[in-house]
Protein chains: 2
Amino acid sequence: MLRVSRSAPYHHGNLAETLERAALALLETHTAAALSLREVARQAGVSHNAPYHHFGDRQGLLKRVAERAMAELLAAQQRAAEAAQLPRERLLAVGAAYVEHALAHPNAFAVIFDPDVCEPGHPTEAMAVSIRANEDLLTDAVAAFRPESSAEQTSLFGAALWGAVHGLATLATAGHLPREALRPALDALLPRD
Amino acid sequence: MLRVSRSAPYHHGNLAETLERAALALLETHTAAALSLREVARQAGVSHNAPYHHFGDRQGLLKRVAERAMAELLAAQQRAAEAAQLPRERLLAVGAAYVEHALAHPNAFAVIFDPDVCEPGHPTEAMAVSIRANEDLLTDAVAAFRPESSAEQTSLFGAALWGAVHGLATLATAGHLPREALRPALDALLPRD
DNA sequence: CCCAATATCTTGACGGTGTCCACCATGGCG
DNA sequence: CGCCATGGTGGACACCGTCAAGATATTGGG
């Protein structure tokens, strides 16, 4: 049915998508704690109750937002991995991409790992997929960097590196580490040759 | 003036302390996001507005709570540092203490590094002192572990280790790493001999 | 010793938020 | 064509942080 009137249609058509994007946009300037369902609805030009039909509750929306944010974080690392040549450089580049993406979108980054959003041990399907892909990416990079290591050692070193990169990013967003120190710190952690 | 009646005195006497302790107690079972000033006041048996005379606002209380939590985190590491003998063992013990304390009190730990509580770059005086003490503790442990390193290299490696330990703790509280993997991961990061 | 100034606590109000409920518009299927 | 599931609306409720104004205890100066 063609709508001649300029008034908005009663049914939005793609509200879920719109709301998720609005929430992500708000996270560019506001903390997750300051993100209200009502404000997101307002941004989308819709009643304060419309989101409930798509996400159930506030946590539901945030879970979706976290999935999107995680997908973007993963993509940033994949781009960095493809651009690098040598194993050590690739490992460094992936870590740097992680940290830089976190610093560029600190509030979205925080949502990904907020235990209030995704309670420990019960990740969303999409989130679990992205996390696994991220672990694989990292494990591969570590394996190329230390080809002689056992699978267990590789996995352990990968976990340690994830922790290091994640911690550096978190501490930097909290203002406890200067931006310039991040890459050198990461570099200091990787043994040379 | 001696108070014979059993009714609570109009003036509490030590309300600030009581409120901070109540807040810390609530953080044992609830996330910081779920911690309301009114609930804290209720726990202390006081009107919903009493806290404002001591902390100004919610953030004020949380800042104090963060200071206390940081002091406890620091103390846990200091105990671990004293108990260990060899440099490498001490470094590992300090890191493990950090992670274990974070896992034992995840919500209080989160408050320490919550950018909403202490906005980046403007720490409280007491918080700055504790953070500095923590950095010194770590730097000393690193220096003992790698005595031949330059001051800059020591500082850089210390920052990297802080990041690693902090990240491992954060990821573990979010359910992304199993508890048992934390110490081995940390161990894998410290070169042997 | 008394009283005023001050610090502390209370009651009351306001706007904002998440969520539940009942109701209405729409479009696709029988 | 009519029905009804889907998706949107408005209203209500309890809770929250915060501000304003009033009540009460403590304290220091005369």
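Throughout, protein chains are lettered first and strands after them, A, B, ... in sequence-line order, and every chain is numbered starting at 1. Just so it is clear, the structure is predicted and the values come from calculations on it, not from any experiment.
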Exercise. Is the phosphate of dT17(C), meaning OP1 or OP2, less than 4.0 Å from a side-chain N or O of S36(A)?
Worked result: yes
Problem set entry | Contact under 4.0 Å: H48(B) side-chain N or O vs dC15(D) OP1/OP2 | no
For this session: Evaluate the criterion salt bridge (charged side-chain N to carboxylate O under 4.0 Å, His left out) for residue pair E39(A) and R42(A); output intermediate values, then yes/no.
Result: CA-CA 5 Å; E39(A) 178 60 29; R42(A) 236 172 272 136; 2.5 Å; yes
For this session: Please say whether the positively charged group of R64(A), taken as NZ for Lys or CZ for Arg, lies over the ring of F55(A), i.e. under 6.0 angstrom from the six-membered ring centre and within 45 degrees of the axis.
Result: no
Given atom [atom1] of [X] and atom [atom2] of [N], what is their separation to the nearest angstrom?
X      : N       : atom1 : atom2 : value
L15(B) : dT10(C) : CG    : C1'   : 13 Å
Y52(B) : dT18(D) : OH    : C1'   : 5 Å
L19(A) : dG18(C) : CG    : P     : 13 Å
F55(A) : dG18(C) : CZ    : C1'   : 15 Å
L35(A) : dG16(C) : CG    : P     : 17 Å
E39(B) : dC15(D) : CD    : P     : 11 Å
R42(A) : dT9(D)  : CZ    : C1'   : 16 Å
N14(A) : dT26(C) : CG    : P     : 19 Å

Exercise. Strictly by modelled atom types, are E28(B) and N107(B) linked by a side-chain donor-acceptor pair under 3.5 Å?
Worked result: no
For this session: Before giving the answer on side chain to side chain contact (heavy atoms under 4.5 Å, CB included), spell out for Y98(A) and L168(A) the whole-Å C-alpha distance, their side-chain angles and the decisive distance to 0.1 Å.
Result: CA-CA 10 Å; Y98(A) 190 103; L168(A) 289 173; over 6 Å; no
Exercise. Ignoring hydrogens and angles, does a donor from either the side chain of N49(A) or the base of dG11(D) sit under 3.5 Å from an acceptor on the other?
Worked result: yes
Exercise. Going by modelled atom types, is there a donor-acceptor pair between the base of dG16(C) and the side chain of R38(A) at under 3.5 Å?
Worked result: no
For this session: From the options dG8(D), dG18(C), dG17(D), select the nucleotide whose nearest atom is closest to the side chain of V46(A).
Result: dG8(D)
Problem set entry | Among dT11(C), dG17(D), dG8(D), the nucleotide that comes nearest once only the side chain of S47(B) is considered | dT11(C)
Exercise. Charged N to carboxylate O under 4.0 angstrom, K63(B) versus E67(B)?
Worked result: no
